[in-house]
2 protein chains.
Amino acid sequence: MKSCIVSEFRSYIDLTDQECELVQSLERDPREFRKDEIITAEGDPAKTIFTISSGWVASCRHLANGNRQILDVYLPGQIVGMRKIGFEQSMNSIVAIGPVVACPYPKRNLIKTFDDSPRLTEVVMLMLAQQQSLLVERIMSLGQRSADCSLAHFVLELRARLKTSDLNLKTPLTQELIADTLGVTSVHISRTLTDLTQKSLLEWSAGTFKILNLDALVELAGFDPSYLEPDVNWIRDP
Amino acid sequence: MKSCIVSEFRSYIDLTDQECELVQSLERDPREFRKDEIITAEGDPAKTIFTISSGWVASCRHLANGNRQILDVYLPGQIVGMRKIGFEQSMNSIVAIGPVVACPYPKRNLIKTFDDSPRLTEVVMLMLAQQQSLLVERIMSLGQRSADCSLAHFVLELRARLKTSDLNLKTPLTQELIADTLGVTSVHISRTLTDLTQKSLLEWSAGTFKILNLDALVELAGFDPSYLEPDVNWIRDP
DNA sequence: CGTGGGGTTGATTCTTATCAATTCGGGTGG
DNA sequence: CCACCCGAATTGATAAGAATCAACCCCACG
């Protein structure tokens, strides 16, 4: 399989051969996970980071009452668990949405990379900053947007992250996953979806969204993709 | 004035004299801001980062409909605007809560520090990871906690961040600020506060919280401060 | 054929928003 | 020193949005 993580890094900067090698070393040990398998659990020691080769993954946290909040959805090529750099214990679990191939590697390896390449360190920092802006957008949805706006925004964000111009998005998500992401119940997602369908904005069936009216959806969501477009100019030359 | 930012960095690692100098250079140009003054606005070019010398500051984002969400509250010593490292445009504004002294400096200076000291780079990365975990906790409040839990959690988080064992917290906040942070209305904050007071958990007057029953508050909030305690062991030696 | 996970629908309740009126309290100017 | 004013907080009445509970449908899969 072509290295997902290399092409992820390449989407930020050009890699020298040596850098390429360094990055590749993060994707050496592919492991398969079944749908709904817990890749790491809350409270586990924060020693292992994962790179996703294929499939989607969610990081989530549970409250004492059992409520689950999905913090972020990760797509192939992404590094999962970078927050763990700063902590001894993993504070959220990572779950496979559908079948997944992911490569675990010790946190130490990533830190080692910092020693070897200040340039890659800067890319990692950029990734952290970008993840923050995803979290910020989630906060906006949870705190200020109504369910229909949030849902529209969520779909548009996914589409932008998938870098596709297709109006049909195939996902391994369920309505319950979406609900736990947007902080509402799955029942409410169902109703909201039929609402949006009646308004000829969006359809959902069997795991795929079909965008019926892109402009109206963007308008409803107030979607501005600039938070997904990083600035790489400050990163030093090789 | 003693350098706030140096002591902030010192709370993570010991600084060599040289590092100390580097860090100090980030706090050279103190400027005063009035209460409610906008320090930077959404859409401004993301060139300037701030270090807070005194006072509190909030970063917030507005929606098209005028709704405001406060993303984070920053205390003296903290670096504000690190997310901007990754973007050309500032995607949220920074507002002075009460009178503030803050030191602006070009983003480039921070990046320059990365060249000069891999060790400080690692501290900055740790700060980013820690900010993420604050955002995550906010997401949990917005998405899954009821207003009273969120409020209790918010107060306990503040107390932990202020590193005080006092049960009285003096803040420059208003109920409206708190409301915009927790994603509810100020009216609802008012009601929730009187609720908590009736239950002898918490009092509020003239900008200070008085914790009446710490244990019960921790229990209600499900508060676990470990997300505020970074792991610094991986940072390289000087 | 059952079985079960995912989705839909309806009835009802609960939390929070909204709008509006009122109070409180600390400054300011006469 | 008092009257006034303003921002902040409180209170009440009502409405909207979302949760909850429960029943039911659909359909892929053993």
Side-chain angles (χ1 to χ4, degrees), chain A residues 34-37 58 63 65-70 95-99 141-152 154 170-199 202-210 220, chain B residues 34-37 58 63 65-70 95-99 141-152 154 170-199 202-210 220:
Chain A
R34 298 180 309 278
K35 176 167 146 56
D36 294 333
E37 192 169 349
L63 250 36
N65 62 17
N67 280 11
R68 176 177 73 165
Q69 173 70 43
I70 293 180
V95 184
I97 308 175
S141 281
L142 292 169
Q144 303 298 336
R145 292 197 257 254
S146 56
D148 50 351
C149 293
S150 298
L151 182 53
F154 177 75
K170 189 160 164 29
T171 81
L173 298 169
T174 64
Q175 290 190 9
E176 185 153 12
L177 265 314
I178 299 169
D180 287 349
T181 305
L182 302 182
V184 297
T185 58
S186 62
V187 173
H188 197 56
I189 288 291
S190 172
R191 292 193 223 272
T192 305
L193 274 168
T194 68
D195 268 16
L196 291 181
T197 304
Q198 265 161 21
K199 290 178 187 154
L202 184 67
E203 267 178 15
W204 161 270
S205 74
T208 88
F209 290 106
K210 181 174 295 190
L220 172 65
Chain B
R34 298 181 308 279
K35 174 165 148 56
D36 294 333
E37 191 169 350
L63 251 36
N65 63 18
N67 279 12
R68 176 177 72 166
Q69 174 69 44
I70 293 180
V95 184
I97 308 175
S141 282
L142 293 169
Q144 303 298 336
R145 291 196 258 254
S146 56
D148 51 349
C149 292
S150 298
L151 182 53
F154 177 76
K170 188 160 166 27
T171 81
L173 299 169
T174 64
Q175 290 188 11
E176 185 152 12
L177 265 315
I178 300 169
D180 286 349
T181 306
L182 303 182
V184 297
T185 58
S186 61
V187 174
H188 197 57
I189 288 291
S190 173
R191 292 194 222 272
T192 306
L193 275 167
T194 68
D195 266 18
L196 291 180
T197 304
Q198 263 162 22
K199 289 178 188 154
L202 185 67
E203 267 178 15
W204 163 270
S205 75
T208 87
F209 291 106
K210 181 174 293 189
L220 172 64

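Throughout, protein chains are lettered first and strands after them, A, B, ... in sequence-line order, and every chain is numbered starting at 1. Only heavy atoms go into these numbers, but all of them, side chains included; no hydrogens, no water, no symmetry mates.
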> By ring pair (Phe, Tyr, Trp, His ring centres under 6.0 Å), which residues pair with Phe154(A), not counting sequence neighbours?
none

> Evaluate the side chain to side chain contact (heavy atoms under 4.5 Å, CB included) criterion for residues Trp204(A) and Thr171(A): first the C-alpha distance (whole Å), next the side-chain angles of each, then the deciding distance (0.1 Å), finally the verdict.
CA-CA 10 Å; Trp204(A) 161 270; Thr171(A) 81; 4.2 Å; yes

> Could you tell me, to 10°, how much the axis swings from one end of the helix from dC1(C)-dG30(D) to dG30(C)-dC1(D) to the other, five pairs per end?
30°

> Measure from CG on Asp36(B) to C1' on dC6(D) and round the result to the nearest Å.
14 Å

> Tell me: CD of Glu203(B) to P of dT10(D), nearest whole Å?
11 Å

> Using the test salt bridge (charged side-chain N to carboxylate O under 4.0 Å, His left out), find all partners of Asp148(A) that sit at least two apart in sequence or belong to another chain.
none

> For the atom pair CG (Leu182(B)) and CG (Leu177(B)), what is the distance rounded to the nearest 0.5 Å?
10.5 Å

> Output yes when a side-chain donor or acceptor of Gln144(A) lies under 3.5 Å from a complementary backbone atom of Gly183(B), and no otherwise.
no

> So, using side chain to side chain contact (heavy atoms under 4.5 Å, CB included) as the criterion, who are the partners of Asp36(B) when residues are at least two apart?
none

> Main chain of Leu202(A), side chain of Thr197(A): is a donor-acceptor contact present, judged purely on distance under 3.5 Å?
yes

> Check the distance between dA18(D)'s P and Gln144(A)'s CD and give it to me in whole angstrom.
13 Å

> Whole-Å distance between dG6(C) C1' and Ile97(A) CD1?
15 Å

> When you check every protein heavy atom under 4.0 Å of nucleotides 25-30 of chain D, what one-letter string (B, S, -) results, 5' to 3'?
------

> Could you tell me how far apart Leu142(B) (CG) and dA18(D) (P) are, to the nearest whole angstrom?
14 Å

> Ignoring hydrogens, what is the shortest heavy-atom contact between Ile97(A) and Pro172(A)? Give both atom names and the distance.
CG2-O, 3.2 Å

> Can you give one letter per nucleotide of nucleotides 7-22 of chain C, going 5' to 3': B for a protein heavy atom under 4.0 Å from the base, S for sugar-phosphate only, - for none?
SSBBB----SSBB---

> Measuring only between side-chain heavy atoms, which start at C-beta, is Lys199(B) closer than 4.5 Å to Leu220(B)?
no

> With distance as the sole test, does Glu37(A) use its side chain to make a donor-acceptor pair with the main-chain N or O of Val95(A) at under 3.5 Å?
no

> Treating Glu203(A) as the side-chain partner and Phe209(A) as the backbone partner, does any N or O pair qualify as donor plus acceptor under 3.5 Å?
no

